[in-house]
Each structure stands twice: as C-alpha cells, then as structure tokens.
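Everything numeric here is computed off the predicted structure, so don't read it as measured data. In what follows, chains carry the letters A, B, and so on, assigned in the order in which the sequence lines appear, proteins first and then strands, with residues in each chain numbered from 1.
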2 protein chains.
Amino acid sequence: MKFEDYPVAASPPQGANPCEHCALRRLEAFLPVTAQQLEAIQSFRTGTRRVEAGGTIVDEHRASPQLFTLYAGWAFRYKTLSDGRRQILGFLLPGDFIGLQDEFADGQTHGVEAVTDATLCAFARERLWALFQTQPRLGYDITWLAAREEKLVDDHLVTAGRRNAGERVAMLLMHLYRRAQRVGMVRDGWVEFPFNQQHIADALGLSLVHTNKTMRRLQRLGLYKLDGGWLRILEPHALETLGDYFERPLRPMPMI
Amino acid sequence: MKFEDYPVAASPPQGANPCEHCALRRLEAFLPVTAQQLEAIQSFRTGTRRVEAGGTIVDEHRASPQLFTLYAGWAFRYKTLSDGRRQILGFLLPGDFIGLQDEFADGQTHGVEAVTDATLCAFARERLWALFQTQPRLGYDITWLAAREEKLVDDHLVTAGRRNAGERVAMLLMHLYRRAQRVGMVRDGWVEFPFNQQHIADALGLSLVHTNKTMRRLQRLGLYKLDGGWLRILEPHALETLGDYFERPLRPMPMI
DNA sequence: CGTCCCGTTGAACAAATTCAATTACGGTGG
DNA sequence: CCACCGTAATTGAATTTGTTCAACGGGACG
C-alpha cells in the first residue's frame, strides 16, 4: 500500500518565525489567529522536540516543566495502577495540546507516550500565566481546549463503563477515524493506524485476547479493514450504529 | 443518627452583595480572592437557583445558557446511551463549577442532576468571554477548574476501565469521602451519602445486582458502614489499598 | 536460521449480568 | 394504630461476557 506524503511536514518549520509558516495551522480544522496572537504564541514557544515511536513525551510520575502541542504523529495519554494495569485515557493527534492538567495537579498525573515518531512544539509552563494576562483570548482558547479534552474523556468513560466489547471497538474506530479525517490524515479512505491490539485493549478496558476476538469478528463482518498499519472504514454507518456514536460536524478549534 | 447542621447554610446569602458574605468561600479548601475579583464574580453572577432532589440542573440534550457553581447539596454529571444505559461521569460537591464543557461543545453534552436538594449560583454564559478579558486571573482560575475536572474524569476512567468491582467501590467511597471532607461535610467521621445503589452502579459501570453484592461484601468485611443515608469509613487504609487510590493533600482550589 | 513481537485461536475459568423472587422501610389512607 | 404501596436493598440461580492460560503462526530482524 502506498500513500502520498501527509501534507503537513513531519516537523514544524525551523528558523526565526516558525509559527508564521506553520503548515498545521493552515488546516480548516483550526481557527485562524491574528498576527498579534501568532506573535504571542511564537514567543510563548520555546522549541521543537522529537520523540521516536514508543518514546516518552511526559513521564507518568514527574511533573513536566513544559507544555506541548503535538505537531505530527500519534500519541496517547495513560495511567498505570501500581500492579501494572494500564488505562489509556485518550489518543493524541496533531494540534492537540498536552500537559495542561499537570499545571494544576500536584504530581499524580498521567503519562504521554508517542506511538509513531512524533514532533512537538514546546512551551514554557511557567509563562502560561503571563500568556493569560497579555492575551486573554488565548487564555480563553486554552480553556476551550481543556473543556474539549474533558468531553473526550467523558465520552471515553461512557465507552469503558457502559458499552460491550463490540460497541467499544466500533466506537473507538469511528472516533479515531473522524478525528484523523479532520486534520487531513485520511488519504483515499485510509488512515494510518499504528496501534497494536494491546493499545486498543488498554484504551477500551478489555483484555488483549478479547480485544483480538472482537476485532476479528467485526472485520469478518466486513465493517472495516486493517492492512499494513492502515485502517479503512468499510461500513461507517454500521459502526456508528453499533457504537451508538454519531460525531457531529465540528467547529474549527483553537490551536496554540 | 443526629448531626449538627452543615456550617454552610443551605442557600447562598441574599441581598445586594451576596458573594461578599459567601460562607462557602470562607472554607480553607478555597483560595482567597481580592476585593476586585470578588466584585467581578459578583457582577458575573445572575442569581440563585434551587433544584429539589432528583431534579434536573442541566438537561442532557439542551445547551444551557447558564453556568453554575454548586453552593449546597450533591449532584452528578451523566450521559445516557440511546437505549437508556446511563453512565455517571462524576459527582459534584459544593464549590464545583458546572457547565463549562458545554461552552465549547456543539450540543451533544451531558446532563446534571441533583441528588439532594441543591442550591446553585448562576452565571451568564454569554459573559464568560468578557470575564476573561477584564479578569485574566479568573480566566486562569477557570482553566484550573477545567483541568482539575478532567483529572477527576481521568481517574474515574481508570476505575471503570481497569479496576474490578471491589476495587471500584473502594475507590469511589474513599474518593467521595475525601472530597466531602475537604468542604467540611464530614461530621464526627460521618458524611451524608444520599446515593442509591443505582447511582453507584451507573458511576462504576457495574450492574445494580453486582454493585449490591460487592458493597455488601465490603461492609461485611468491616471496611465501612452505611446508616440512614450516612457513610462512615471504618478502614480507610484498607479501602485505599484495595482501590490502589491514595489521595494526596490538595492545595486550595479556586472558586468562582 | 533462531528469536522476538504480535496477532490468532481454542479451552478452561472467573467475573459480572440477567432473571426472579423476597425482604426492608418510609409514607399514606383508613 | 395498622394494612397497603411503592421504592430500594438483598439474595440465589442461571446465563453471558470477558479473562486467563496455553499454544501456534507469520513476519521482521540480526
């Protein structure tokens, strides 16, 4: 299977004014910003960070001095119980803001791990308050992002708490597909799907074996196809119905 | 069983400057505010609302034009699937801010229901952005509240996804107890516990019957006691260990 | 070619749900 | 004061869903 390159380069622009040439921000999924806001964001920004597939973006047990916006790649947030059981709290796509929760949680937070090679824009956490002061609009946008992320977790909690295995898988596939679609990661109906079944199991609160059997079943039913790390939804309506999950068209979201 | 009255009156102060006489805000759990901030909050405030036990604070399928701070009583956030299965997303105690998520979600949000009679301070959603502009600090505080609430949902998701029935109950009891303790709702080791087993089941993602059997078991083990709608934790350490959940001492939180 | 990771599958087992009563209790009307 | 009701808590039993255990296959890689 071959695919053209993703329109957004693997790394954010380098040089003096990287944010002004940010390809990610040009996507329709994101709200436009004024020149002044862009400048504020750019000065809030401290640099770029690369993390290879499987690497740690935020350590689960250490408060990170930085905030990030995921620029390219897939990542996820997770927590582990002391005996090793892991719960994936959510997946992260380009444009997602990372680390806000820790700002206010005294330790005891969550980890973030890259699934694919990932690139991130880093920001100094200590300058967050100054940003609110000088750019109230960006503060408001950050609240928007925090509220949106809570909504994602809310939905995820419904899945883990009240849906059965088949419904969980259906819901997750549609959810990830829709989000990827929004940021232009769908090509000819295929999305990169770099997760292994352990990721899915840990996200859905299922065992590895049962996840496998459930996914196999839905594939045999012809609802979706997985090939070489790429996903294609064959029966979106059937999956939405099964998962009782219908994503509405979304407004453009802010991006920091 | 008899208990003194809760120190915070059932309703916020009436009259010209209600926030200046707010008893809730005086609790150590909440950060102090400047006179200027208090005034801003007071002018952001539009009134008081009472909801009786079982009543709807926010309709699940209608965007509320108001935001609230719960002043007195217990409430919960929830979502229901189309076939009626309900997931409780979290419980609300005095001081909790309500409705922020909807600000940014195009419909498709969650409901809020009062468990006991409840009193709330109402705010005009449409003036939220103005508040961020004129009082960046309060904007920052609201972000704090949003991030904290996401953290609560994160923890809840771990519970629903990766803990077994006994662990879930243990975790929930300790969690509610600790939060109630923070806002002075614990009297002689007892907290009001107005939930029925269906609430617990819907919060934990368990069936009613299994919730009952699990709770019975933990009671027979002498870990906690429930009497006339009041809860007493008998073995906090055992419950924390079982639930693998250790609440750290918390910093005072902002209150709007 | 051997090893490791991952996906797949069957089988035994355990946890949780569903079904079906029964009991406890607060409130109401007689 | 007492019978009657409706709601919520309990409990046992049958059934289903999901987990654990074990084994095998294929592909990537050294």
Side-chain angles (χ1 to χ4, degrees), chain A residues 1 52-54 81 83-88 113 115-116 159-173 193-221 224-231 242-243, chain B residues 1 52-55 74 76 81 83-88 113 115-116 159-173 192-221 224-231 242-243:
Chain A
M1 212 142 312
E52 61 185 14
L81 295 175
D83 66 357
R85 281 175 286 179
R86 179 177 74 169
Q87 175 66 44
I88 288 183
E113 183 177 316
V115 183
T116 61
T159 298
R162 284 303 185 213
R163 280 185 244 250
N164 65 31
E167 295 166 345
R168 293 185 203 198
V169 170
M171 147 82 178
L172 182 66
L173 293 178
F193 195 82
F195 311 105
N196 62 30
Q197 296 186 343
Q198 189 66 61
H199 288 123
I200 309 296
D202 287 346
L204 297 180
L206 297 171
S207 71
L208 177 60
V209 172
H210 197 51
T211 300
N212 175 284
K213 288 174 181 171
T214 305
M215 292 183 74
R216 252 14 296 289
R217 182 164 57 83
L218 298 192
Q219 281 179 73
R220 268 193 295 268
L221 287 172
Y224 73 94
K225 199 188 286 192
L226 216 40
D227 184 337
W230 289 75
L231 165 71
L242 175 57
Chain B
M1 212 142 311
E52 61 184 13
W74 289 86
F76 63 90
L81 294 176
D83 66 357
R85 279 175 286 179
R86 177 177 76 171
Q87 175 66 44
I88 288 183
E113 183 177 316
V115 184
T116 61
T159 297
R162 284 302 184 213
R163 281 186 245 249
N164 65 31
E167 295 166 346
R168 294 185 202 197
V169 170
M171 148 81 178
L172 182 66
L173 293 178
E192 181 186 15
F193 195 81
F195 311 104
N196 61 31
Q197 297 186 345
Q198 188 66 62
H199 289 124
I200 309 296
D202 287 347
L204 297 179
L206 296 171
S207 70
L208 178 60
V209 172
H210 197 50
T211 299
N212 177 285
K213 288 175 180 170
T214 305
M215 290 183 75
R216 237 44 273 298
R217 183 164 57 83
L218 298 193
Q219 282 180 73
R220 269 194 295 269
L221 287 172
Y224 73 95
K225 199 187 286 190
L226 216 40
D227 185 336
W230 289 74
L231 166 71
L242 176 57

Give the rounded distance in Å between these two atoms: CG of D227(A) and C1' of dG26(D). 15 Å

Of the candidate nucleotides dC6(C), dT17(C), dA8(D), which contains the atom at the shortest distance from the side chain of N196(B)? dA8(D)

Does G205(B) reach a base, just sugar-phosphate, or nothing at all? Heavy atoms under 4.0 Å. sugar-phosphate

For R216(A) and dT9(C), is the shortest distance between a side-chain N/O and OP1 or OP2 below 4.0 Å? yes

What distance separates N196(B) CG from T211(B) OG1, expressed to the nearest 0.5 Å? 10.5 Å

Please give, in whole Å, the distance from dT16(D) P to H210(B) NE2? 18 Å

Roughly how many Å is it from CZ in R168(A) to C1' in dG18(D), rounded to a whole number? 9 Å

Nearest-Å distance for atom pair CD/C1', residues Q198(B) and dT17(C): 13 Å

d(CG, L226(A); C1', dC6(C)) in whole Å: 13 Å

Separation of N164(A) atom CG from dT18(C) atom P, in whole Å? 10 Å

Integer-rounded Å distance: dT20(D) C1' and R85(A) CZ: 14 Å

Atom pair CZ/CG of R168(A) and L172(A) - distance to nearest 0.5 Å: 11.5 Å

Proximity to the side chain of V209(B) - top-ranked nucleotide from dT9(C), dC19(C), dG7(C): dC19(C)

Check whether any side-chain nitrogen or oxygen of Q197(B) sits under 4.0 Å from OP1 or OP2 of dT10(D), and answer yes or no. yes

Heavy atoms only, 4.0 Å cut-off, all strands: where does L206(B) land among base, sugar-phosphate and nothing? sugar-phosphate

N or O in side chain of N212(A) less than 4.0 angstrom from dT8(C) OP1/OP2: yes

Gap separating the CE atom of M171(A) from the CZ atom of R163(A), nearest 0.5 angstrom: 4.5 Å

With side chains defined as the heavy atoms from C-beta onward, is the minimum distance between L218(A) and L242(A) less than 4.5 Å? yes

Has the side chain of K213(B) got a donor or acceptor that lies under 3.5 Å from a partner of the other kind on the base of dG12(D)? yes

Nearest 0.5 angstrom please: N164(A) CG to H210(A) NE2, how far? 8.0 Å

Here the distance between atom C1' of dC6(C) and atom CG of L208(A), to the nearest Å, is 9 Å

